[in-house]
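Have a look at the structure below, then the notes.
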Number of protein chains: 2
Amino acid sequence: MEYQKALRQLIEEFKTNFMPSVSLDLAIFGFHDGQLKVLLLRWKGTDDWCLPGGRIRHEENLEVAAYRSLQQRTGLREIFLQQFHTFGDVMRYTNFSKQETMAKLGLPEDITEELVSRDVSVGYYALVEFANAVPTPDFFTEECRWWDIDQIPPLLFDHNDMIKLALKTLRRQLSYQPIGYNLLPDKFTMPDIQQLYETILGQTLDRRNFQKRMLGYNILERLEERKTGGAHKAPYLYRFDKEKYEKALAEEILFVG
Amino acid sequence: MEYQKALRQLIEEFKTNFMPSVSLDLAIFGFHDGQLKVLLLRWKGTDDWCLPGGRIRHEENLEVAAYRSLQQRTGLREIFLQQFHTFGDVMRYTNFSKQETMAKLGLPEDITEELVSRDVSVGYYALVEFANAVPTPDFFTEECRWWDIDQIPPLLFDHNDMIKLALKTLRRQLSYQPIGYNLLPDKFTMPDIQQLYETILGQTLDRRNFQKRMLGYNILERLEERKTGGAHKAPYLYRFDKEKYEKALAEEILFVG
DNA sequence: TCAAAAGTGTTTCCGTTACACCCATGG
DNA sequence: CCATGGGTGTAACGGAAACACTTTTGA
(Lines give C-alpha, C1' and ligand atoms only; values in the text may rest on other atoms or scores of the structure.)
Protein backbone atom coordinates (compact mmCIF):
# COMPACT_ATOMS: atom_id res chain seq x y z
CA MET A 1 0.00 0.00 0.00
CA GLU A 2 1.45 3.26 -1.19
CA TYR A 3 0.30 5.31 1.78
CA GLN A 4 1.86 3.06 4.38
CA LYS A 5 5.12 3.04 2.51
CA ALA A 6 5.22 6.81 2.46
CA LEU A 7 4.35 6.81 6.11
CA ARG A 8 7.16 4.48 7.09
CA GLN A 9 9.53 6.57 5.07
CA LEU A 10 8.37 9.68 6.83
CA ILE A 11 8.85 8.11 10.21
CA GLU A 12 12.36 7.09 9.25
CA GLU A 13 13.06 10.65 8.26
CA PHE A 14 11.70 11.85 11.56
CA LYS A 15 13.95 9.50 13.43
CA THR A 16 17.09 10.60 11.68
CA ASN A 17 16.47 14.33 11.41
CA PHE A 18 14.46 15.33 14.46
CA MET A 19 14.89 15.22 18.20
CA PRO A 20 12.99 12.41 19.88
CA SER A 21 10.70 12.99 22.87
CA VAL A 22 10.28 16.71 22.25
CA SER A 23 7.77 18.42 20.07
CA LEU A 24 6.05 21.75 19.86
CA ASP A 25 2.46 22.83 19.42
CA LEU A 26 1.12 26.02 17.95
CA ALA A 27 -1.96 27.98 18.90
CA ILE A 28 -2.22 30.23 15.87
CA PHE A 29 -4.69 33.03 16.42
CA GLY A 30 -6.21 34.96 13.58
CA PHE A 31 -8.62 37.85 13.59
CA HIS A 32 -11.47 38.27 11.12
CA ASP A 33 -14.90 39.76 11.05
CA GLY A 34 -14.88 40.67 14.70
CA GLN A 35 -14.05 37.12 15.65
CA LEU A 36 -10.94 35.57 17.10
CA LYS A 37 -10.05 32.35 15.32
CA VAL A 38 -7.68 29.45 15.83
CA LEU A 39 -6.14 27.31 13.17
CA LEU A 40 -6.93 23.60 13.51
CA LEU A 41 -6.04 20.48 11.56
CA ARG A 42 -8.26 17.50 10.83
CA TRP A 43 -6.64 14.09 10.64
CA LYS A 44 -7.05 12.10 7.45
CA GLY A 45 -10.23 10.10 7.31
CA THR A 46 -11.41 11.21 10.75
CA ASP A 47 -13.41 13.94 12.41
CA ASP A 48 -10.66 14.49 14.95
CA TRP A 49 -9.17 17.96 15.15
CA CYS A 50 -6.02 19.18 16.82
CA LEU A 51 -3.52 22.01 16.91
CA PRO A 52 -0.73 22.16 14.37
CA GLY A 53 2.58 20.99 15.76
CA GLY A 54 6.14 20.50 14.79
CA ARG A 55 9.42 18.89 15.66
CA ILE A 56 12.91 20.21 16.21
CA ARG A 57 15.85 19.35 13.98
CA HIS A 58 18.95 18.15 15.70
CA GLU A 59 20.92 21.29 15.04
CA GLU A 60 18.01 23.70 15.05
CA ASN A 61 17.13 26.21 17.73
CA LEU A 62 13.81 25.59 19.39
CA GLU A 63 12.47 28.97 18.41
CA VAL A 64 13.55 28.52 14.82
CA ALA A 65 11.70 25.24 14.72
CA ALA A 66 8.58 27.00 15.95
CA TYR A 67 8.85 29.67 13.24
CA ARG A 68 9.47 27.00 10.63
CA SER A 69 6.42 25.03 11.70
CA LEU A 70 4.33 28.17 11.71
CA GLN A 71 5.43 28.95 8.20
CA GLN A 72 4.66 25.45 6.99
CA ARG A 73 1.06 25.78 8.18
CA THR A 74 0.38 29.36 7.18
CA GLY A 75 3.02 30.46 4.71
CA LEU A 76 3.81 33.37 6.99
CA ARG A 77 7.12 34.62 8.30
CA GLU A 78 8.06 37.35 10.73
CA ILE A 79 5.10 36.86 12.94
CA PHE A 80 4.50 37.48 16.57
CA LEU A 81 5.31 34.14 18.16
CA GLN A 82 5.59 33.50 21.84
CA GLN A 83 6.35 30.51 24.00
CA PHE A 84 3.78 30.20 26.76
CA HIS A 85 4.14 26.84 28.49
CA THR A 86 5.66 23.41 28.20
CA PHE A 87 3.34 20.47 28.58
CA GLY A 88 4.66 17.25 29.98
CA ASP A 89 1.87 15.26 31.52
CA VAL A 90 1.70 11.63 30.55
CA MET A 91 -2.03 11.86 30.93
CA ARG A 92 -2.36 14.30 28.13
CA TYR A 93 -2.75 11.32 25.84
CA THR A 94 -5.67 9.73 27.63
CA ASN A 95 -8.27 11.98 26.09
CA PHE A 96 -7.04 10.53 22.88
CA SER A 97 -8.22 7.13 21.81
CA LYS A 98 -5.03 5.95 20.24
CA GLN A 99 -6.19 2.71 18.71
CA GLU A 100 -9.36 4.19 17.40
CA THR A 101 -7.87 7.13 15.61
CA MET A 102 -4.92 5.21 14.34
CA ALA A 103 -7.17 2.52 13.04
CA LYS A 104 -9.10 5.10 11.07
CA LEU A 105 -5.83 6.26 9.66
CA GLY A 106 -5.04 2.69 8.68
CA LEU A 107 -1.94 2.51 10.81
CA PRO A 108 -0.54 -0.75 12.08
CA GLU A 109 0.14 -1.00 15.78
CA ASP A 110 3.92 -0.74 15.68
CA ILE A 111 3.68 2.53 13.84
CA THR A 112 1.09 3.77 16.27
CA GLU A 113 3.47 3.18 19.12
CA GLU A 114 6.22 5.11 17.41
CA LEU A 115 4.03 7.91 16.30
CA VAL A 116 2.20 8.81 19.43
CA SER A 117 4.66 7.81 22.08
CA ARG A 118 4.78 10.24 24.93
CA ASP A 119 6.40 13.60 24.21
CA VAL A 120 7.15 16.73 26.12
CA SER A 121 5.72 19.54 24.07
CA VAL A 122 6.55 23.22 24.05
CA GLY A 123 3.51 25.41 23.46
CA TYR A 124 3.74 28.58 21.36
CA TYR A 125 1.07 30.99 20.37
CA ALA A 126 1.12 33.16 17.30
CA LEU A 127 -0.84 36.12 16.05
CA VAL A 128 -1.31 36.31 12.31
CA GLU A 129 -3.18 38.45 9.87
CA PHE A 130 -6.10 36.33 8.88
CA ALA A 131 -6.19 37.40 5.25
CA ASN A 132 -2.54 36.63 4.54
CA ALA A 133 -2.43 33.13 5.93
CA VAL A 134 -2.69 30.15 3.65
CA PRO A 135 -3.80 27.26 5.86
CA THR A 136 -1.99 24.14 4.70
CA PRO A 137 -2.48 20.59 6.01
CA ASP A 138 0.46 18.27 6.57
CA PHE A 139 1.01 14.61 5.82
CA PHE A 140 -1.29 13.33 8.52
CA THR A 141 -4.11 15.74 7.97
CA GLU A 142 -6.43 16.56 5.15
CA GLU A 143 -7.98 19.81 6.30
CA CYS A 144 -6.60 22.95 7.85
CA ARG A 145 -8.97 25.75 8.66
CA TRP A 146 -9.93 28.53 11.05
CA TRP A 147 -12.34 27.95 13.90
CA ASP A 148 -14.11 30.57 15.93
CA ILE A 149 -12.54 30.63 19.34
CA ASP A 150 -15.85 29.91 21.04
CA GLN A 151 -16.86 27.05 18.79
CA ILE A 152 -13.90 24.79 19.14
CA PRO A 153 -14.83 21.11 19.31
CA PRO A 154 -13.23 18.64 21.71
CA LEU A 155 -9.71 18.20 20.38
CA LEU A 156 -7.18 15.40 20.45
CA PHE A 157 -4.65 15.20 23.25
CA ASP A 158 -4.68 18.10 25.69
CA HIS A 159 -5.09 20.66 22.98
CA ASN A 160 -8.21 22.26 24.42
CA ASP A 161 -6.27 23.07 27.56
CA MET A 162 -3.43 24.42 25.48
CA ILE A 163 -5.69 26.85 23.69
CA LYS A 164 -7.21 27.94 26.96
CA LEU A 165 -3.82 28.68 28.47
CA ALA A 166 -2.53 30.31 25.30
CA LEU A 167 -5.50 32.64 25.27
CA LYS A 168 -5.05 33.45 28.92
CA THR A 169 -1.42 34.30 28.33
CA LEU A 170 -2.27 36.36 25.29
CA ARG A 171 -4.81 38.38 27.25
CA ARG A 172 -2.34 39.04 29.99
CA GLN A 173 0.31 39.96 27.47
CA LEU A 174 -2.07 42.44 25.94
CA SER A 175 -1.95 44.52 29.09
CA TYR A 176 1.76 45.15 28.96
CA GLN A 177 2.81 44.72 25.38
CA PRO A 178 1.63 46.27 22.15
CA ILE A 179 -0.15 43.82 19.93
CA GLY A 180 -1.62 44.22 16.52
CA TYR A 181 1.27 44.57 14.16
CA ASN A 182 0.69 41.20 12.57
CA LEU A 183 -3.03 41.11 13.03
CA LEU A 184 -4.11 44.22 11.22
CA PRO A 185 -3.57 45.49 7.71
CA ASP A 186 -0.85 48.05 7.18
CA LYS A 187 -3.27 50.92 7.60
CA PHE A 188 -6.12 50.70 10.02
CA THR A 189 -8.49 52.87 11.99
CA MET A 190 -8.75 53.33 15.71
CA PRO A 191 -12.07 51.45 15.76
CA ASP A 192 -10.32 48.61 13.94
CA ILE A 193 -7.65 48.12 16.54
CA GLN A 194 -10.12 48.66 19.33
CA GLN A 195 -12.28 45.89 17.95
CA LEU A 196 -9.20 43.68 17.86
CA TYR A 197 -8.53 44.34 21.52
CA GLU A 198 -12.15 43.84 22.46
CA THR A 199 -12.26 40.58 20.58
CA ILE A 200 -9.15 39.23 22.22
CA LEU A 201 -10.20 40.36 25.67
CA GLY A 202 -13.79 39.35 25.21
CA GLN A 203 -15.13 42.63 26.55
CA THR A 204 -16.02 46.08 25.34
CA LEU A 205 -13.81 49.07 26.04
CA ASP A 206 -14.46 52.77 26.28
CA ARG A 207 -13.75 54.40 22.95
CA ARG A 208 -12.12 57.54 24.34
CA ASN A 209 -10.04 55.89 27.02
CA PHE A 210 -8.85 53.30 24.58
CA GLN A 211 -7.68 55.89 22.10
CA LYS A 212 -6.01 57.91 24.81
CA ARG A 213 -4.13 54.89 26.06
CA MET A 214 -3.20 53.65 22.63
CA LEU A 215 -1.82 56.98 21.51
CA GLY A 216 -0.03 57.30 24.82
CA TYR A 217 2.02 54.27 23.92
CA ASN A 218 3.52 56.34 21.17
CA ILE A 219 3.79 53.58 18.66
CA LEU A 220 1.19 54.80 16.17
CA GLU A 221 1.43 57.40 13.47
CA ARG A 222 -1.66 59.05 12.13
CA LEU A 223 -2.22 59.42 8.40
CA GLU A 224 -5.13 61.16 6.64
CA GLU A 225 -8.81 60.54 6.28
CA ARG A 226 -10.57 57.51 5.00
CA LYS A 227 -13.98 57.30 3.61
CA THR A 228 -14.19 54.12 1.55
CA GLY A 229 -17.55 52.43 1.74
CA GLY A 230 -18.20 53.20 5.37
CA ALA A 231 -21.19 55.35 6.10
CA HIS A 232 -20.94 58.05 8.73
CA LYS A 233 -17.95 60.10 9.66
CA ALA A 234 -14.68 58.92 8.18
CA PRO A 235 -12.19 57.80 10.78
CA TYR A 236 -8.48 58.52 10.57
CA LEU A 237 -6.07 55.92 9.38
CA TYR A 238 -3.10 54.87 11.50
CA ARG A 239 0.00 52.88 10.92
CA PHE A 240 2.40 51.27 13.38
CA ASP A 241 5.72 53.02 13.75
CA LYS A 242 7.75 49.88 13.25
CA GLU A 243 10.81 51.14 15.05
CA LYS A 244 9.01 52.32 18.16
CA TYR A 245 6.83 49.26 18.10
CA GLU A 246 9.82 46.94 18.13
CA LYS A 247 11.41 48.99 20.85
CA ALA A 248 8.32 48.71 22.99
CA LEU A 249 8.21 44.96 22.43
CA ALA A 250 11.83 44.66 23.46
CA GLU A 251 11.44 46.77 26.57
CA GLU A 252 8.36 44.88 27.52
CA ILE A 253 7.95 47.04 30.57
CA LEU A 254 6.35 49.84 28.70
CA PHE A 255 2.78 49.18 29.70
CA VAL A 256 3.29 48.01 33.22
CA GLY A 257 1.96 50.33 35.87
CA MET B 1 38.65 1.79 36.28
CA GLU B 2 35.83 1.68 38.76
CA TYR B 3 34.60 5.18 38.14
CA GLN B 4 34.26 4.78 34.42
CA LYS B 5 32.42 1.55 34.89
CA ALA B 6 29.93 3.18 37.20
CA LEU B 7 29.59 5.99 34.72
CA ARG B 8 28.83 3.70 31.81
CA GLN B 9 26.33 1.89 33.92
CA LEU B 10 24.68 5.16 34.82
CA ILE B 11 24.45 6.21 31.23
CA GLU B 12 22.88 2.89 30.35
CA GLU B 13 20.34 3.44 33.07
CA PHE B 14 19.63 6.91 31.72
CA LYS B 15 19.05 5.54 28.28
CA THR B 16 16.58 2.94 29.39
CA ASN B 17 14.69 4.87 32.04
CA PHE B 18 14.66 8.49 30.94
CA MET B 19 13.42 10.45 27.98
CA PRO B 20 16.13 11.44 25.54
CA SER B 21 16.58 15.01 24.29
CA VAL B 22 14.64 16.59 27.15
CA SER B 23 15.91 17.65 30.49
CA LEU B 24 15.04 20.15 33.16
CA ASP B 25 17.02 22.68 35.12
CA LEU B 26 16.30 24.10 38.53
CA ALA B 27 16.97 27.56 39.87
CA ILE B 28 16.50 26.88 43.57
CA PHE B 29 16.28 30.09 45.54
CA GLY B 30 16.84 30.17 49.24
CA PHE B 31 16.65 33.01 51.69
CA HIS B 32 19.04 33.54 54.58
CA ASP B 33 20.52 36.40 56.50
CA GLY B 34 18.93 39.02 54.33
CA GLN B 35 20.42 37.49 51.26
CA LEU B 36 18.86 35.67 48.34
CA LYS B 37 20.81 32.55 47.44
CA VAL B 38 20.89 30.04 44.63
CA LEU B 39 21.91 26.43 44.88
CA LEU B 40 24.78 25.47 42.59
CA LEU B 41 26.70 22.29 41.86
CA ARG B 42 30.42 21.92 41.20
CA TRP B 43 31.54 19.20 38.83
CA LYS B 44 33.95 16.62 40.11
CA GLY B 45 37.55 17.65 39.86
CA THR B 46 36.76 21.03 38.34
CA ASP B 47 35.95 24.60 39.29
CA ASP B 48 32.96 24.63 36.99
CA TRP B 49 29.59 25.37 38.56
CA CYS B 50 26.12 24.91 37.18
CA LEU B 51 22.47 24.63 38.13
CA PRO B 52 21.07 21.35 39.33
CA GLY B 53 19.11 19.53 36.68
CA GLY B 54 17.14 16.43 36.12
CA ARG B 55 15.62 14.09 33.60
CA ILE B 56 12.13 12.78 33.05
CA ARG B 57 11.21 9.13 33.38
CA HIS B 58 9.31 7.63 30.51
CA GLU B 59 6.05 7.37 32.40
CA GLU B 60 6.56 10.35 34.65
CA ASN B 61 4.85 13.70 34.44
CA LEU B 62 7.16 16.59 33.73
CA GLU B 63 6.18 18.40 36.89
CA VAL B 64 6.68 15.29 38.98
CA ALA B 65 10.15 14.93 37.55
CA ALA B 66 10.89 18.49 38.58
CA TYR B 67 9.70 17.87 42.13
CA ARG B 68 11.69 14.67 42.28
CA SER B 69 14.85 16.39 41.11
CA LEU B 70 14.30 19.15 43.60
CA GLN B 71 13.96 16.66 46.37
CA GLN B 72 17.11 14.85 45.35
CA ARG B 73 19.11 18.06 45.66
CA THR B 74 17.54 19.51 48.77
CA GLY B 75 15.62 16.76 50.54
CA LEU B 76 12.55 18.98 50.39
CA ARG B 77 9.03 18.19 49.28
CA GLU B 78 5.95 20.31 48.87
CA ILE B 79 7.77 23.34 47.76
CA PHE B 80 6.83 26.26 45.61
CA LEU B 81 7.99 25.20 42.17
CA GLN B 82 7.20 26.99 38.98
CA GLN B 83 8.02 26.46 35.34
CA PHE B 84 9.30 29.67 33.81
CA HIS B 85 10.77 28.99 30.38
CA THR B 86 11.98 26.28 28.07
CA PHE B 87 15.42 26.68 26.63
CA GLY B 88 16.18 25.21 23.25
CA ASP B 89 19.05 27.05 21.66
CA VAL B 90 21.79 24.90 20.21
CA MET B 91 24.20 27.66 21.09
CA ARG B 92 23.61 27.25 24.76
CA TYR B 93 26.44 24.76 24.76
CA THR B 94 29.08 27.01 23.26
CA ASN B 95 29.88 28.76 26.48
CA PHE B 96 30.81 25.35 27.66
CA SER B 97 34.17 23.92 26.73
CA LYS B 98 33.06 20.36 26.29
CA GLN B 99 36.39 18.68 25.77
CA GLU B 100 38.06 20.57 28.54
CA THR B 101 35.57 19.86 31.26
CA MET B 102 35.01 16.31 30.20
CA ALA B 103 38.72 15.71 30.14
CA LYS B 104 38.96 16.91 33.70
CA LEU B 105 36.23 14.47 34.56
CA GLY B 106 38.26 11.75 32.90
CA LEU B 107 35.58 10.97 30.37
CA PRO B 108 36.36 9.35 27.03
CA GLU B 109 35.05 11.08 23.97
CA ASP B 110 32.23 8.71 23.14
CA ILE B 111 30.77 9.21 26.57
CA THR B 112 31.16 12.94 26.24
CA GLU B 113 29.09 12.89 23.10
CA GLU B 114 26.34 10.96 24.80
CA LEU B 115 26.37 12.97 27.91
CA VAL B 116 26.24 16.47 26.63
CA SER B 117 24.43 16.05 23.38
CA ARG B 118 22.00 18.84 22.71
CA ASP B 119 18.87 18.89 24.85
CA VAL B 120 15.80 21.01 25.13
CA SER B 121 15.57 21.94 28.78
CA VAL B 122 12.58 23.06 30.80
CA GLY B 123 13.49 25.65 33.41
CA TYR B 124 11.84 25.65 36.83
CA TYR B 125 12.46 27.87 39.77
CA ALA B 126 11.82 26.94 43.36
CA LEU B 127 11.63 28.78 46.64
CA VAL B 128 12.83 26.87 49.65
CA GLU B 129 13.40 27.53 53.28
CA PHE B 130 17.13 27.86 53.56
CA ALA B 131 17.46 26.17 56.94
CA ASN B 132 15.57 23.03 55.98
CA ALA B 133 17.41 22.24 52.79
CA VAL B 134 20.17 19.65 52.74
CA PRO B 135 22.23 20.41 49.63
CA THR B 136 23.30 17.12 48.09
CA PRO B 137 25.59 16.62 45.10
CA ASP B 138 24.84 14.03 42.45
CA PHE B 139 27.02 11.54 40.62
CA PHE B 140 28.76 14.11 38.47
CA THR B 141 29.36 16.68 41.13
CA GLU B 142 31.24 16.83 44.37
CA GLU B 143 29.93 19.99 45.91
CA CYS B 144 26.49 21.49 46.31
CA ARG B 145 26.12 24.79 48.06
CA TRP B 146 24.37 28.13 48.25
CA TRP B 147 25.69 31.18 46.44
CA ASP B 148 24.68 34.75 47.03
CA ILE B 149 22.61 35.87 44.09
CA ASP B 150 24.97 38.72 43.32
CA GLN B 151 28.15 36.70 43.52
CA ILE B 152 27.44 33.96 41.07
CA PRO B 153 30.45 33.00 38.96
CA PRO B 154 30.28 32.32 35.22
CA LEU B 155 28.42 29.03 34.96
CA LEU B 156 28.42 26.17 32.51
CA PHE B 157 26.00 26.16 29.60
CA ASP B 158 23.47 28.99 29.55
CA HIS B 159 22.83 28.76 33.24
CA ASN B 160 23.64 32.39 34.01
CA ASP B 161 20.88 33.43 31.64
CA MET B 162 18.54 30.93 33.21
CA ILE B 163 19.06 32.40 36.66
CA LYS B 164 18.55 35.87 35.31
CA LEU B 165 15.25 34.94 33.71
CA ALA B 166 14.13 32.91 36.69
CA LEU B 167 14.73 35.87 38.96
CA LYS B 168 12.91 38.19 36.63
CA THR B 169 9.93 35.86 36.57
CA LEU B 170 10.01 35.46 40.31
CA ARG B 171 9.97 39.22 40.81
CA ARG B 172 7.07 39.62 38.48
CA GLN B 173 5.25 36.78 40.14
CA LEU B 174 5.72 38.49 43.45
CA SER B 175 3.46 41.29 42.34
CA TYR B 176 0.44 39.13 41.72
CA GLN B 177 0.92 36.02 43.81
CA PRO B 178 1.54 35.46 47.48
CA ILE B 179 5.00 34.13 48.19
CA GLY B 180 6.64 33.15 51.39
CA TYR B 181 4.96 30.00 52.53
CA ASN B 182 8.00 27.85 51.89
CA LEU B 183 10.56 30.51 52.56
CA LEU B 184 9.72 31.48 56.09
CA PRO B 185 9.36 29.53 59.32
CA ASP B 186 5.87 28.63 60.41
CA LYS B 187 5.57 31.75 62.52
CA PHE B 188 7.15 34.97 61.42
CA THR B 189 6.91 38.69 61.95
CA MET B 190 5.88 41.37 59.54
CA PRO B 191 9.46 42.66 59.35
CA ASP B 192 10.55 39.13 58.48
CA ILE B 193 8.34 38.81 55.47
CA GLN B 194 9.04 42.35 54.46
CA GLN B 195 12.73 41.62 54.43
CA LEU B 196 12.03 38.60 52.27
CA TYR B 197 10.19 40.74 49.76
CA GLU B 198 12.86 43.40 49.82
CA THR B 199 15.54 40.82 49.27
CA ILE B 200 13.80 39.25 46.32
CA LEU B 201 12.93 42.56 44.75
CA GLY B 202 16.27 44.12 45.53
CA GLN B 203 14.74 47.31 46.91
CA THR B 204 13.43 48.69 50.15
CA LEU B 205 9.73 49.06 50.80
CA ASP B 206 7.72 51.31 53.03
CA ARG B 207 6.97 49.53 56.29
CA ARG B 208 3.41 50.77 56.67
CA ASN B 209 2.34 50.36 53.09
CA PHE B 210 3.79 46.90 52.98
CA GLN B 211 1.86 45.80 56.02
CA LYS B 212 -1.33 47.32 54.70
CA ARG B 213 -0.99 45.52 51.43
CA MET B 214 0.03 42.23 52.95
CA LEU B 215 -2.87 42.19 55.37
CA GLY B 216 -5.17 43.21 52.59
CA TYR B 217 -4.41 39.97 50.81
CA ASN B 218 -6.17 38.28 53.66
CA ILE B 219 -3.92 35.28 53.79
CA LEU B 220 -2.27 35.96 57.13
CA GLU B 221 -3.48 35.31 60.62
CA ARG B 222 -2.07 37.23 63.52
CA LEU B 223 -0.98 35.43 66.69
CA GLU B 224 0.35 36.96 69.93
CA GLU B 225 3.46 38.84 70.90
CA ARG B 226 7.03 37.79 70.55
CA LYS B 227 9.93 38.94 72.55
CA THR B 228 12.71 36.37 72.16
CA GLY B 229 16.16 37.90 72.01
CA GLY B 230 15.18 40.92 69.99
CA ALA B 231 15.70 44.25 71.58
CA HIS B 232 13.06 46.96 71.22
CA LYS B 233 9.35 46.54 70.87
CA ALA B 234 8.23 42.98 70.27
CA PRO B 235 6.57 42.53 66.90
CA TYR B 236 3.50 40.36 66.37
CA LEU B 237 3.83 36.89 64.99
CA TYR B 238 1.88 35.85 61.92
CA ARG B 239 1.14 32.59 60.26
CA PHE B 240 -0.11 31.85 56.76
CA ASP B 241 -3.69 30.75 56.57
CA LYS B 242 -2.94 27.70 54.47
CA GLU B 243 -6.39 27.44 52.98
CA LYS B 244 -6.68 31.04 51.90
CA TYR B 245 -3.08 31.00 50.75
CA GLU B 246 -3.69 28.04 48.47
CA LYS B 247 -6.85 29.63 47.20
CA ALA B 248 -5.00 32.80 46.33
CA LEU B 249 -2.32 30.81 44.56
CA ALA B 250 -4.92 28.98 42.55
CA GLU B 251 -6.85 32.08 41.60
CA GLU B 252 -3.64 33.82 40.68
CA ILE B 253 -5.60 36.89 39.73
CA LEU B 254 -5.94 38.07 43.26
CA PHE B 255 -3.24 40.65 43.21
CA VAL B 256 -3.70 42.02 39.74
CA GLY B 257 -5.00 45.55 39.56
C1' DT C 1 -32.57 66.27 8.49
C1' DC C 2 -31.64 62.44 11.01
C1' DA C 3 -29.34 58.35 12.73
C1' DA C 4 -25.08 56.39 13.48
C1' DA C 5 -20.30 56.66 14.08
C1' DA C 6 -16.00 59.36 15.11
C1' DG C 7 -13.19 63.21 17.20
C1' DT C 8 -12.01 65.35 21.46
C1' DG C 9 -11.48 66.96 26.81
C1' DT C 10 -12.96 67.11 31.71
C1' DT C 11 -14.32 65.23 36.10
C1' DT C 12 -14.46 61.52 39.30
C1' DC C 13 -12.79 57.94 41.64
C1' DC C 14 -9.81 54.76 43.79
C1' DG C 15 -5.63 52.67 44.81
C1' DT C 16 -0.79 53.73 45.64
C1' DT C 17 2.66 56.49 47.73
C1' DA C 18 4.38 59.47 50.98
C1' DC C 19 4.61 60.69 55.44
C1' DA C 20 4.38 61.38 61.32
C1' DC C 21 3.27 60.19 65.76
C1' DC C 22 3.02 57.15 69.62
C1' DC C 23 4.47 52.88 72.02
C1' DA C 24 7.38 49.17 73.80
C1' DT C 25 11.82 47.21 75.04
C1' DG C 26 16.70 46.35 76.33
C1' DG C 27 20.77 48.46 77.20
C1' DC D 1 15.88 57.42 79.92
C1' DC D 2 16.88 56.97 75.40
C1' DA D 3 17.84 54.89 71.07
C1' DT D 4 15.91 51.72 68.14
C1' DG D 5 12.41 49.38 66.07
C1' DG D 6 7.32 48.34 65.73
C1' DG D 7 2.30 49.58 65.55
C1' DT D 8 -1.06 52.48 63.31
C1' DG D 9 -3.70 56.35 60.44
C1' DT D 10 -4.06 60.21 57.16
C1' DA D 11 -3.00 63.39 53.40
C1' DA D 12 -1.37 63.91 48.67
C1' DC D 13 -0.84 62.25 44.25
C1' DG D 14 -1.69 60.18 39.83
C1' DG D 15 -3.52 57.03 36.55
C1' DA D 16 -7.77 54.78 35.14
C1' DA D 17 -12.62 54.98 34.53
C1' DA D 18 -16.67 57.45 33.71
C1' DC D 19 -18.79 60.59 31.08
C1' DA D 20 -21.02 64.57 27.02
C1' DC D 21 -20.93 67.35 23.33
C1' DT D 22 -19.76 68.39 18.62
C1' DT D 23 -18.81 66.91 13.82
C1' DT D 24 -19.28 64.26 9.73
C1' DT D 25 -21.59 61.39 6.41
C1' DG D 26 -24.82 58.51 3.78
C1' DA D 27 -29.44 57.39 3.62
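Quick note on labels: first sequence line is chain A, next is B, and so on, each numbered from 1. Remember, predicted model here, so these are calculated numbers, not experimental data.
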Using atom [atom1] of [X] as one end and atom [atom2] of [N] as the other, report the distance to the nearest whole Å.
{"X": "A/Gln211", "N": "D/dA16", "atom1": "CD", "atom2": "P", "result": "16 Å"}
{"X": "B/Gln203", "N": "C/dT16", "atom1": "CD", "atom2": "C1'", "result": "14 Å"}
{"X": "B/Phe210", "N": "C/dT17", "atom1": "CZ", "atom2": "P", "result": "13 Å"}
{"X": "A/Leu215", "N": "C/dG7", "atom1": "CG", "atom2": "P", "result": "10 Å"}
{"X": "A/Tyr217", "N": "D/dG15", "atom1": "OH", "atom2": "C1'", "result": "12 Å"}
{"X": "B/Lys212", "N": "C/dA20", "atom1": "NZ", "atom2": "C1'", "result": "13 Å"}
{"X": "B/Arg222", "N": "D/dG6", "atom1": "CZ", "atom2": "C1'", "result": "11 Å"}

Between A/Asp186 and A/Arg239, is the closest basic N to carboxylate O distance under 4.0 Å?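 A/Asp186 and A/Arg239: salt-bridged.
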
Using ring centroids (six-membered ring only for Trp), state whether A/Phe188 and A/Phe240 fall under 6.0 Å. yes

Validation row, ring centre A/Phe80 to ring centre A/Tyr181 under 6.0 Å: no

Base D/dG7 to side chain B/Arg207, donor-acceptor N/O within 3.5 Å cut-off: yes

Establish whether the base of C/dA6 is bridged to the side chain of A/Arg208 by a donor-acceptor pair shorter than 3.5 Å.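 Answer is no: no donor-acceptor pair is held.
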
On DNA chain D, compare the nucleotides closest to A/Asp206 and B/Ala234; which residue's is nearer the 5' end?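 Nearest nucleotide further toward 5': that of B/Ala234.
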
Among the nucleotides D/dG7, C/dT8, D/dG26, whichever has the atom closest to the side chain of B/Lys233 is D/dG7

Taking the minimum atom-to-atom distance to the side chain of B/His232, which one of D/dG9, D/dA3, C/dG9 wins? D/dA3

Step by step, would you call A/Lys244 with A/Glu246 a salt bridge (charged side-chain N to carboxylate O under 4.0 Å, His left out)? CA-CA 5 Å; A/Lys244 289 177 182 166; A/Glu246 296 293 348; over 6 Å; no

